[in-house]
Number of protein chains: 2
Amino acid sequence: MVDRQRGADADNDEALDRVFAALSDPVRRRLLSRLDGEALLVKELAAPFNISVQAVSKHIQVLVKAGLVRQERSGRVSRCRLDAGPMYEAALWVNRYSKYWQDQFDTLALWLGAAERPKRKRNSRRQS
Amino acid sequence: MVDRQRGADADNDEALDRVFAALSDPVRRRLLSRLDGEALLVKELAAPFNISVQAVSKHIQVLVKAGLVRQERSGRVSRCRLDAGPMYEAALWVNRYSKYWQDQFDTLALWLGAAERPKRKRNSRRQS
DNA sequence: TTGATATTCAATCAGACGGTTGACTAAGAG
DNA sequence: CTCTTAGTCAACCGTCTGATTGAATATCAA
């Protein structure tokens with residue numbers, strides 16, 4: 001029974017643990033990459049790998065528990081959809097250290113401009 | 001003997017594995033947080049935790065292997081210094097999904113301006 | 001109904017992980 | 001030299017992890 005002291009330190013966040021742990025595996029990172037833009041079935045997700053479908057299924061469960069993937073089952077198949085929301089906290093965490101990449105600051109600003117942001121609306125995000 | 005297919009996929013990066021794995025533990029995240037700005041000794045790093053110094057030392061070794069911390073020993077003590085360089089790749093990776101946080105885009109732009117950037121370099125290529 | 005397909009569950013296994021205690025090396029302090 | 005301090009090394013332990021194989025559960029097709 002470890003005394004947890006929850007909330008005392010914002011970094012002691014189990015959700016963040018799960019997100020970073022989920023991202024620490026190359027298979028899961030590839031899964032997330034493939035789910036960027038399209039929702040796929042387990043079978044489709046498993047196809048490129050030479051590990052068993054069960055292993056991929058377990059990887060997906062890890063992603064689900066991290067909140068990065070949602071599965072909606074319809075009939076026999078289970079369509080997996082990306083939910084990048086929990087990754088935001090992780091991004092905030094690592095970006096706190098962006099000051100140390102000042103050299104690559106241009107590159108850092110680059111994805112801000114290059115990542116799907118077709119035109120910079122000068123005002124107002126177009127809230128979906 | 002797994003055929004690795006190294007380089008075929010940029011996401012299959014063991015360095016990235018180690019960085020994300022290092023970040024997946026709250027103790028190590030707190031260590032990194034405390035090393036942000038000042039270099040500390042192992043003893044000083046271990047003080048706030050109620051785990052043994054050896055355990056903290058092992059955590060530091062994990063950070064060192066991930067390239068996030070460098071240790072320079074002078075005499076008896078070992079001063080630990082943050083090296084956020086390897087975190088940059090991790091930041092690039094998660095930031096690829098920033099388009100999904102469009103709602104929090106303001107916050108995302110916030111750390112760009114608000115994160116410890118007290119005085120920008122006077123020559124400062126910040127002409128957007 | 002029969003059979004193939006999609007996915008998960010269950011048991012198992014080797015190895016990594018996070019923690020402990022105890023011993024060790026090496027450097028300062030007396 | 002002796003004692004203490006800083007840090008790591010080594011062995012151990014319980015749990016988690018990533019993978020396997022085999023069985024179970026549903027769903028769809030014939």
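All chains are named by letter (A, B, ...) in the order of the sequence lines, taking the proteins before the strands, and each is independently numbered beginning at 1.
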Counting distance only, does the side-chain N/O of [X] pair as donor-acceptor with the main-chain N or O of [Y] below 3.5 Å?
X	Y	answer
Arg79(B)	Leu40(B)	no
Arg29(B)	Leu23(B)	yes
Glu38(A)	Leu35(A)	no
Glu44(B)	Leu41(B)	yes

*Is Lys99(A) paired with Asp36(B) through a side-chain N to carboxylate O contact shorter than 4.0 Å?*
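Judged by the 4.0 Å cut-off on N to carboxylate O distance, Asp36(B) and Lys99(A) do form a salt bridge.
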*Is the shortest side-chain N to carboxylate O distance from Arg18(A) to Asp13(A) below 4.0 Å?*
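Salt bridge between Arg18(A) and Asp13(A), a charged N being under 4.0 Å from a carboxylate O: no.
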_Are Tyr100(A) and Val64(B) linked, directly or through intermediate hydrophobic residues, by side-chain heavy-atom contacts shorter than 4.5 Å (ILVMFWY only)?_
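Shared cluster, yes.
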*Any side-chain N or O of Ser57(A) under 4.0 Å from OP1/OP2 of dT8(C)?*
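Ser57(A) to dT8(C) OP1/OP2: side-chain N or O found under 4.0 Å.
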_Under-4.0 Å side-chain N/O to phosphate OP1/OP2 contact, Arg28(A) with dG18(D)_ =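 Indeed, a polar side-chain atom of Arg28(A) lies that close.
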Nearest-Å distance, [atom1] ([X]) to [atom2] ([N])?
X	N	atom1	atom2	result
Phe49(B)	dG18(C)	CZ	P	13 Å
Arg73(B)	dA6(D)	CZ	C1'	7 Å
Glu72(A)	dA6(C)	CD	C1'	16 Å
Leu45(B)	dA6(D)	CG	P	13 Å
Lys65(A)	dC16(D)	NZ	P	12 Å
Lys43(A)	dC28(D)	NZ	C1'	13 Å
Leu63(B)	dC17(C)	CG	C1'	14 Å
Gln61(A)	dA10(C)	CD	C1'	14 Å

Dump the pairs, protein N or O against N or O of nucleotides 19-22 of chain D, anything under 3.5 Å, distances to one decimal.
unit_1	atom_1	unit_2	atom_2	d
dA19(D)	OP2	His59(A)	NE2	2.2
dA19(D)	N7	Lys58(A)	NZ	3.0
dA19(D)	N6	Lys58(A)	NZ	2.5
dT20(D)	OP2	Ser52(A)	N	2.9
dT20(D)	OP2	Ser52(A)	OG	2.8
dG22(D)	O6	Gln54(A)	NE2	2.7

_Sugar-phosphate, base or nothing in reach of Gln71(B), heavy atoms under 4.0 Å_ =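 Sugar-phosphate, backbone atoms only, no base.
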*Going by number, which of residues 75-84 of chain A have a non-hydrogen atom under 4.0 Å from DNA chain C?*
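Correct list: Arg76(A), Val77(A), Ser78(A).
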*Between Val94(A) and Phe20(A), does a side-chain contact (heavy atoms from CB on, under 4.5 Å) hold up when you go through it step by step?*
CA-CA 11 Å; Val94(A) 296; Phe20(A) 278 128; 4.0 Å; yes
*Which residues satisfy the side-chain hydrogen bond (donor to acceptor under 3.5 Å, both in side chains) test with Gln71(B), sequence neighbours excluded?*
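Only Gln61(B), Ser78(B) meet the side-chain hydrogen bond (donor to acceptor under 3.5 Å, both in side chains) criterion with Gln71(B).
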*Specify the residue among Ala21(A) and Ser74(A) whose closest nucleotide of DNA chain D lies further upstream toward the 5′ end.*
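Residue closer to the 5' terminus by nearest nucleotide: Ala21(A).
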